[in-house]
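Since the structure comes first, as structure tokens, the remarks are kept for the end.
Within every chain, numbering begins at 1; the chains are lettered A, B, ... in the order of the sequence lines, protein sequences first and strands thereafter.
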There are 2 protein chains.
Amino acid sequence: MDTVIGDEASVQFERLAILGVGLLGGSFALAARRAKLARRVVGYSKSPTTTRTALERGIIDEEADSALRAVHGADLVLLAVPVVSTGDLLKQLRHGLEPHALVMDVGSTKGNVVAAAQSQLGARQSQFVPCHPIAGKEKSGVLHAEAGLFDGKRVVITPLAANSDSFVDIATQAWESIGGVVSVMSPEEHDAAFAAVSHLPHLLAFSYVYALSSQPQGSAFLQLAGPGFRDFSRIAGGDPHMWRDVLQANRDEVLRQLQLYKQALAGFEAQIQQGNWSAVEALIRRASQVRQGWDAPASSDDEV
Amino acid sequence: MDTVIGDEASVQFERLAILGVGLLGGSFALAARRAKLARRVVGYSKSPTTTRTALERGIIDEEADSALRAVHGADLVLLAVPVVSTGDLLKQLRHGLEPHALVMDVGSTKGNVVAAAQSQLGARQSQFVPCHPIAGKEKSGVLHAEAGLFDGKRVVITPLAANSDSFVDIATQAWESIGGVVSVMSPEEHDAAFAAVSHLPHLLAFSYVYALSSQPQGSAFLQLAGPGFRDFSRIAGGDPHMWRDVLQANRDEVLRQLQLYKQALAGFEAQIQQGNWSAVEALIRRASQVRQGWDAPASSDDEV
């Protein structure tokens with residue numbers, strides 16, 4: 001028989017500061033309440049309207065009027081802002097950070113977040129554990145926050161050399177207590193992998209829809225598009241500001257993946273140009289077998 | 001009040017010959033029975049096992065041992081073979097074709113099918129009405145045939161100059177009687193549109209999965225892939241033989257779309273290389289708006 005421990009999280013915090021109370025920040029706050037991970041939640045957002053909405057909906061207990069004030073007294077700090085804003089935010093809050101506080105982020109890229117932490121936090125980078133929960137929805141903003149957003153979802157943690165094991169352990173327990181399934185890898189491994197499986201496909205889908213719609217007959221063609229188009233192009237509907245940030249933050253890995261892709265595409269094109277149809281079929285077969293052999297991880301069903 | 005006409009098709013055939021009793025041919029046979037579109041169904045396939053299975057399952061009433069014999073006495077003939085086999089098949093059957101028979105196909109490309117009809121049928125091309133039902137499933141073969149496959153699905157008819165209006169009308173009524181929603185356009189318009197919204201995306205998805213899986217870390221990366229990857233790459237799991245045929249049959253339009261796509265991709269890449277992030281965001285915004293403004297036609301929900 002399994003021993004049931006009870007509903008309470010194995011790790012608990014007195015005061016959770018959410019910096020950036022959007023979809024992810026708001027959902028973390030709700031999930032933390034549900035799991036009794038934190039007793040009290042304070043929120044700060046660049047837009048006071050956002051924090052006010054979060055307060056009115058009971059997502060946070062208190063509004064702070066600056067990042068510096070938000071982290072005062074907090075033993076858990078969650079950064080949930082666009083990745084390119086991480087450095088600025090850390091600069092604003094660093095002098096208020098408690099020495100025992102654990103700081104985590106939720107950014108889709110890790111190399112640039114690590115660089116920001118190293119340059120802004122100095123010795124305090126030991127407190128900063130970079131994280132990327134593979135969770136999201138088509139709609140962003142605090143109004144779409146939900147306590148179950150991280151249930152069964154993969155959370156990648158990319159520890160810094162400066163992190164003590166105990167901070168990494170506490171971060172792991174915190175995510176697990178709100179439903180996450182934690183994987184650990186280096187920031188470099190993370191960024192290479194997500195460039196390949198997420199960031200490049202977004203770039204390709206944006207380019208495809210752009211090319212299609214730039215033709216004189218583009219609108220007429222779109223009328224005939226079916227489910228193949230629907231699925232292939234779905235990610236082209238992503239948020240422009242967020243995806244610009246991701247491409248900027250992970251530029252080098254995205255460009256590296258793009259070169260590999262362009263080589264493969266050129267290989268297909270050359271065989272088609274030359275009419276080597278059995279070679280074309282062999283290339284397709286390879287891709288088709290790989291795709292058919294792939295099983296979607298159950299842990300990331302709703303990632304956008 | 002609407003006048004209810006009853007269940008019977010407005011057009012009826014004595015004898016329907018299905019050439020190629022696979023998913024589409026078998027489904028047409030089942031749908032034709034359900035709609036009382038045809039009294040008797042004869043089937044021919046290159047593989048006798050396929051025809052035998054269709055007979056045992058009641059999908060057809062009779063097996064024919066050649067295309068020539070299958071069309072003997074038939075007033076409706078449906079070609080449901082790979083598009084590149086159309087010419088060969090027409091050559092086999094042309095001397096058995098009844099002068100009053102309507103001949104239709106189901107191919108995903110139309111220019112090459114029209115050329116095959118013109119070269120193989122001569123004056124009899126007047127009887128051949130090229131069709132493309134936008135319907136399919138992930139699984140092919142007669143075992144997956146179903147009477148409802150064309151329900152609510154778009155069927156593109158690309159009439160020949162030689163077709164009499166009455167043959168085109170009869171073809172339209174036949175598809176409508178089994179649930180199709182008919183659009184009429186030229187073969188050239190058809191092939192340009194489907195190169196853009198279907199054939200090119202398949203080529204891009206094949207190339208993407210090929211590139212991903214050809215990297216030393218490809219398998220490790222795939223483990224981290226989520227729903228964005230799942231949808232974007234779904235069509236890369238398509239049938240290699242069928243897709244080789246489609247790319248071959250619509251080579252020129254696919255290559256033309258590929259050039260437009262490569263220009264768009266190069267535009268994105270240049271802005272990323274140069275760090276023009278507001279330009280990158282503007283490009284993404286354009287694509288995202290187009291994609292968000294697109295409504296999937298209700299008439300092609302299950303197209304593969």
Side-chain angles (χ1 to χ4, degrees), chain A residues 134 193 196-198 201 203-213 215 221-222 224-238 240-241 243-244 247-248 251 255 258 260-261 264-265 268-269 272 277 280-281 283-288 290-292 294 296 300-304, chain B residues 134 193 196-198 201 203-213 215 221-222 224-238 240-241 243-244 247-248 251 255 258 260-261 264-265 268-269 272 277 280-281 283-288 290-292 294 296 300-304:
Chain A
I134 319 298
V197 301
S198 172
L203 176 59
L204 303 182
F206 294 139
S207 301
Y208 166 69
V209 173
Y210 188 93
L212 177 60
S213 69
Q215 301 175 46
F221 291 168
L222 277 166
L224 292 165
F229 170 88
R230 178 195 61 206
D231 288 358
F232 178 78
S233 68
R234 181 179 64 80
I235 55 178
H241 191 72
W243 281 100
R244 158 228 163 119
L247 297 179
Q248 181 176 359
R251 175 181 176 279
L255 288 174
L258 179 56
L260 296 174
Y261 168 74
L265 186 61
F268 273 81
E269 183 178 13
I272 292 172
W277 301 110
V280 172
E281 185 171 342
L283 291 173
I284 296 176
R285 191 171 303 281
R286 161 77 175 278
S288 181
V290 169
R291 181 56 180 77
Q292 292 200 358
W294 177 77
S300 48
D301 273 354
D302 310 346
E303 185 209 3
V304 189
Chain B
I134 319 298
V197 301
S198 171
L203 176 59
L204 303 183
F206 295 139
S207 300
Y208 166 69
V209 172
Y210 189 92
L212 177 61
S213 69
Q215 301 175 46
F221 291 167
L222 277 166
L224 292 166
F229 170 87
R230 176 195 63 206
D231 288 357
F232 179 78
S233 69
R234 180 179 66 79
I235 56 177
H241 190 72
W243 281 100
R244 159 227 162 122
L247 296 179
Q248 181 176 357
R251 175 180 176 280
L255 288 175
L258 179 57
L260 296 174
Y261 169 74
L265 186 60
F268 273 81
E269 183 177 13
I272 292 173
W277 300 110
V280 171
E281 184 172 341
L283 292 172
I284 296 175
R285 191 171 303 281
R286 162 75 174 278
S288 180
V290 169
R291 181 56 180 79
Q292 292 199 358
W294 178 78
S300 48
D301 274 356
D302 312 344
E303 186 208 1
V304 189

(message) Run the salt bridge (charged side-chain N to carboxylate O under 4.0 Å, His left out) test against R244(B) and tell me which residues pass, sequence neighbours left out.
(response) E281(A)
(request) Under 4.5 Å heavy-atom distance to chain B, tell me which part of L255(A) shows up: side chain, backbone, both or neither. (result) side chain
(request) Describe, in one word, how the ring planes of F206(A) and F268(B) are oriented to each other, choosing from parallel (under 30°), tilted (30 to 60°) and perpendicular (over 60°). (result) parallel
(request) For each of A287(B), S207(B), A205(B), tally heavy-atom pairs with chain A at distances under 4.5 Å, and name the one with the top tally. (result) S207(B)
(request) Specify which of L283(B), D231(B), L247(B) makes the most heavy-atom pairs with chain A at under 4.5 Å. (result) D231(B)
(message) Run the side chain to side chain contact (heavy atoms under 4.5 Å, CB included) test on V197(B) and F232(A) for me, step by step, so that the C-alpha distance in whole Å, both residues' side-chain angles and the decisive distance to 0.1 Å come before the verdict.
(response) CA-CA 10 Å; V197(B) 301; F232(A) 178 78; over 6 Å; no
(message) Taking I284(A)'s backbone N and O only, do any of them form a donor-acceptor pair with W243(B)'s side chain (distance below 3.5 Å, no angle check)?
(response) no
(request) Look at the side chain of W277(A) and the backbone N and O of Q248(B), then say whether any donor-acceptor pair between them is shorter than 3.5 Å. (result) no
(message) At a heavy-atom distance under 4.5 Å, which candidate from S233(A), A211(A), A196(A), A264(A) has the highest pair count against chain B?
(response) S233(A)
(message) Which one wins on heavy-atom pair count under 4.5 Å against chain B: V209(A), V280(A), L204(A), L212(A)?
(response) L204(A)
(message) With a 4.5 Å cut-off on side-chain heavy atoms, are R291(B) and Y208(A) touching?
(response) no
(message) Quick one, L203(B) with I272(A), criterion side chain to side chain contact (heavy atoms under 4.5 Å, CB included). Give me CA distance, side-chain angles, the key distance, then yes/no.
(response) CA-CA 10 Å; L203(B) 176 59; I272(A) 292 172; 4.0 Å; yes
(request) Please report the shortest heavy-atom distance between S288(A) and G238(B), naming the atom on each side. (result) OG-O, 2.9 Å
(request) Sequence neighbours left out, what passes side chain to side chain donor-acceptor pair (under 3.5 Å) with Q215(A)? Give chain and number order. (result) Q257(B)
Check whether [X] gets within reach of chain A through its side chain, its backbone, both or neither, counting any heavy atom under 4.5 Å.
X	answer
R286(B)	side chain
L258(B)	side chain
L265(B)	both

(request) Please lay out, stage by stage, how L222(B) and V290(A) fare under the test side chain to side chain contact (heavy atoms under 4.5 Å, CB included). (result) CA-CA 10 Å; L222(B) 277 166; V290(A) 169; 3.9 Å; yes
